[in-house]
Amino acid sequence: MPDGLPVRADAAQLARALVNLGRNAVQAGAGALSVSAEARPGGGLVLLVADDGPGLPPRARDNLFQPFAGSARAGGIGLGLAIAREVLRAHGGDLRLAESTAAGTVFALELPAGAVAGPAIPATAPPMPD
(Lines give C-alpha, C1' and ligand atoms only; values in the text may rest on other atoms or scores of the structure.)
Protein backbone atom coordinates (compact mmCIF):
# COMPACT_ATOMS: atom_id res chain seq x y z
CA MET A 1 0.00 0.00 0.00
CA PRO A 2 1.42 3.42 -0.86
CA ASP A 3 2.77 5.23 2.22
CA GLY A 4 0.67 8.05 3.57
CA LEU A 5 -2.54 6.97 1.89
CA PRO A 6 -5.16 6.34 4.56
CA VAL A 7 -8.04 4.16 3.50
CA ARG A 8 -10.79 3.28 5.93
CA ALA A 9 -12.27 -0.10 5.18
CA ASP A 10 -13.63 -3.14 6.94
CA ALA A 11 -10.56 -5.37 6.75
CA ALA A 12 -12.56 -8.62 6.96
CA GLN A 13 -14.93 -7.61 4.16
CA LEU A 14 -12.13 -6.34 1.94
CA ALA A 15 -10.29 -9.62 2.54
CA ARG A 16 -13.48 -11.46 1.54
CA ALA A 17 -13.57 -9.61 -1.77
CA LEU A 18 -9.90 -10.38 -2.43
CA VAL A 19 -10.35 -14.06 -1.53
CA ASN A 20 -13.32 -14.30 -3.91
CA LEU A 21 -11.23 -12.86 -6.74
CA GLY A 22 -8.33 -15.18 -5.95
CA ARG A 23 -10.56 -18.25 -5.74
CA ASN A 24 -12.16 -17.42 -9.07
CA ALA A 25 -8.73 -17.02 -10.69
CA VAL A 26 -7.48 -20.38 -9.40
CA GLN A 27 -10.69 -22.15 -10.40
CA ALA A 28 -10.33 -20.68 -13.89
CA GLY A 29 -6.83 -22.11 -14.24
CA ALA A 30 -4.54 -19.28 -13.12
CA GLY A 31 -1.15 -20.34 -11.85
CA ALA A 32 -0.09 -16.95 -10.51
CA LEU A 33 -1.92 -14.06 -8.90
CA SER A 34 -0.62 -10.62 -7.98
CA VAL A 35 -2.10 -7.71 -6.05
CA SER A 36 -0.73 -4.20 -6.40
CA ALA A 37 -1.89 -0.84 -5.07
CA GLU A 38 -1.75 2.59 -6.57
CA ALA A 39 -3.00 6.00 -5.52
CA ARG A 40 -5.88 7.45 -7.51
CA PRO A 41 -5.62 10.99 -8.80
CA GLY A 42 -7.65 13.14 -6.42
CA GLY A 43 -7.37 10.62 -3.58
CA GLY A 44 -8.28 7.06 -2.93
CA LEU A 45 -6.72 3.79 -3.82
CA VAL A 46 -6.97 1.19 -6.56
CA LEU A 47 -6.04 -2.40 -5.83
CA LEU A 48 -5.25 -4.31 -9.01
CA VAL A 49 -5.72 -8.07 -8.84
CA ALA A 50 -4.09 -9.74 -11.86
CA ASP A 51 -3.87 -13.39 -12.82
CA ASP A 52 -2.30 -15.41 -15.62
CA GLY A 53 -5.38 -17.49 -16.37
CA PRO A 54 -7.05 -17.96 -19.75
CA GLY A 55 -9.19 -14.82 -19.54
CA LEU A 56 -12.94 -14.53 -19.35
CA PRO A 57 -15.10 -15.85 -22.17
CA PRO A 58 -17.30 -13.19 -23.80
CA ARG A 59 -20.51 -14.77 -22.49
CA ALA A 60 -19.23 -14.50 -18.91
CA ARG A 61 -18.47 -10.78 -19.32
CA ASP A 62 -22.10 -9.99 -20.16
CA ASN A 63 -23.33 -10.96 -16.68
CA LEU A 64 -20.09 -10.76 -14.75
CA PHE A 65 -21.47 -9.10 -11.61
CA GLN A 66 -25.01 -10.50 -11.74
CA PRO A 67 -25.79 -12.93 -8.89
CA PHE A 68 -26.44 -16.48 -10.13
CA ALA A 69 -25.69 -15.47 -13.72
CA GLY A 70 -22.01 -14.49 -13.81
CA SER A 71 -20.28 -17.84 -13.47
CA ALA A 72 -17.76 -18.63 -16.20
CA ARG A 73 -17.31 -22.25 -15.18
CA ALA A 74 -19.59 -25.26 -15.08
CA GLY A 75 -20.89 -25.83 -11.58
CA GLY A 76 -20.24 -22.25 -10.45
CA ILE A 77 -23.14 -20.33 -8.96
CA GLY A 78 -21.94 -16.86 -9.90
CA LEU A 79 -21.88 -15.18 -6.50
CA GLY A 80 -18.18 -14.45 -5.93
CA LEU A 81 -17.90 -11.34 -8.10
CA ALA A 82 -21.35 -10.08 -7.14
CA ILE A 83 -20.40 -10.27 -3.45
CA ALA A 84 -17.01 -8.68 -4.08
CA ARG A 85 -18.63 -5.77 -5.93
CA GLU A 86 -21.17 -5.25 -3.15
CA VAL A 87 -18.35 -5.12 -0.59
CA LEU A 88 -16.59 -2.40 -2.58
CA ARG A 89 -19.79 -0.45 -3.15
CA ALA A 90 -20.60 -0.60 0.58
CA HIS A 91 -17.27 1.18 1.07
CA GLY A 92 -18.15 3.88 -1.47
CA GLY A 93 -16.01 2.30 -4.17
CA ASP A 94 -16.49 -0.22 -6.96
CA LEU A 95 -15.13 -3.35 -8.57
CA ARG A 96 -14.60 -3.41 -12.30
CA LEU A 97 -13.05 -5.64 -14.91
CA ALA A 98 -9.97 -3.73 -16.07
CA GLU A 99 -8.71 -6.22 -18.65
CA SER A 100 -9.20 -9.79 -19.77
CA THR A 101 -7.15 -11.41 -22.52
CA ALA A 102 -5.78 -14.87 -23.25
CA ALA A 103 -2.79 -13.84 -21.09
CA GLY A 104 -4.87 -13.16 -17.97
CA THR A 105 -7.44 -11.03 -16.24
CA VAL A 106 -7.14 -7.87 -14.15
CA PHE A 107 -9.78 -6.58 -11.76
CA ALA A 108 -9.62 -3.09 -10.22
CA LEU A 109 -10.92 -2.61 -6.68
CA GLU A 110 -11.50 1.11 -6.29
CA LEU A 111 -11.63 2.62 -2.81
CA PRO A 112 -12.21 6.31 -2.07
CA ALA A 113 -10.04 8.32 0.27
CA GLY A 114 -11.29 9.41 3.64
CA ALA A 115 -13.91 8.08 5.96
CA VAL A 116 -15.62 4.88 4.91
CA ALA A 117 -17.43 2.42 7.17
CA GLY A 118 -15.10 0.15 9.08
CA PRO A 119 -11.82 0.32 10.97
CA ALA A 120 -8.80 1.75 9.20
CA ILE A 121 -6.43 -0.68 7.52
CA PRO A 122 -2.88 0.41 8.39
CA ALA A 123 -0.34 0.68 5.60
CA THR A 124 1.62 -2.07 7.34
CA ALA A 125 -1.28 -4.51 7.66
CA PRO A 126 -0.17 -8.08 8.35
CA PRO A 127 -0.34 -10.57 5.47
CA MET A 128 -3.47 -12.64 4.96
CA PRO A 129 -3.34 -16.10 6.51
CA ASP A 130 -3.30 -19.07 4.13
Separation between CG (Leu47) and CD (Glu38), nearest 0.5 Å, reads 9.5 Å
If I take atom NE2 from residue His91 and atom CD from residue Glu86, how far apart are they, to the nearest 0.5 angstrom? 12.0 Å
Show me, pair by pair, the donor-acceptor contacts under 3.5 angstrom made by side chains of residues 98-111, not counting sequence neighbours?
unit_1: Ser100; atom_1: OG; unit_2: Leu56; atom_2: N; d: 2.7
unit_1: Ser100; atom_1: OG; unit_2: Thr105; atom_2: OG1; d: 3.0
unit_1: Thr101; atom_1: OG1; unit_2: Ala103; atom_2: N; d: 3.1
unit_1: Glu110; atom_1: OE2; unit_2: Arg96; atom_2: NE; d: 2.5
unit_1: Glu110; atom_1: OE2; unit_2: Arg96; atom_2: NH2; d: 3.4

Derivation and outcome, side-chain contact (heavy atoms from CB on, under 4.5 Å), residues Arg16 and Ile83: CA-CA 9 Å; Arg16 182 179 186 187; Ile83 291 170; 3.8 Å; yes
Hydrophobic cluster identity match, Val35 and Leu88, side-chain contacts under 4.5 Å: yes
Taking the side chain from Asp10 and the backbone from Gln13, do they hold a donor-acceptor pair closer than 3.5 Å? yes
Can you name the side chain to side chain donor-acceptor pair (under 3.5 Å) partners of Asp94, sequence neighbours left out? Arg85, Arg89
For Leu95 versus Ala84, what's the shortest heavy-atom pair and its separation? CD2-CB, 3.7 Å
Minimum heavy-atom separation for Ala9 and Leu14, please, with both atom names. CB-CD2, 4.4 Å
Looking at Gln66 and Ala82, what are the two nearest heavy atoms and their distance? C-CB, 4.4 Å
Any heavy-atom pair between the side chains of Leu33 and Leu21 that's under 4.5 Å? no
Do Arg61 and Leu97 touch side chain to side chain, with heavy atoms closer than 4.5 Å? yes
Given side chains that start at C-beta, do those of Leu48 and Val46 come closer than 4.5 Å, heavy atoms only? yes
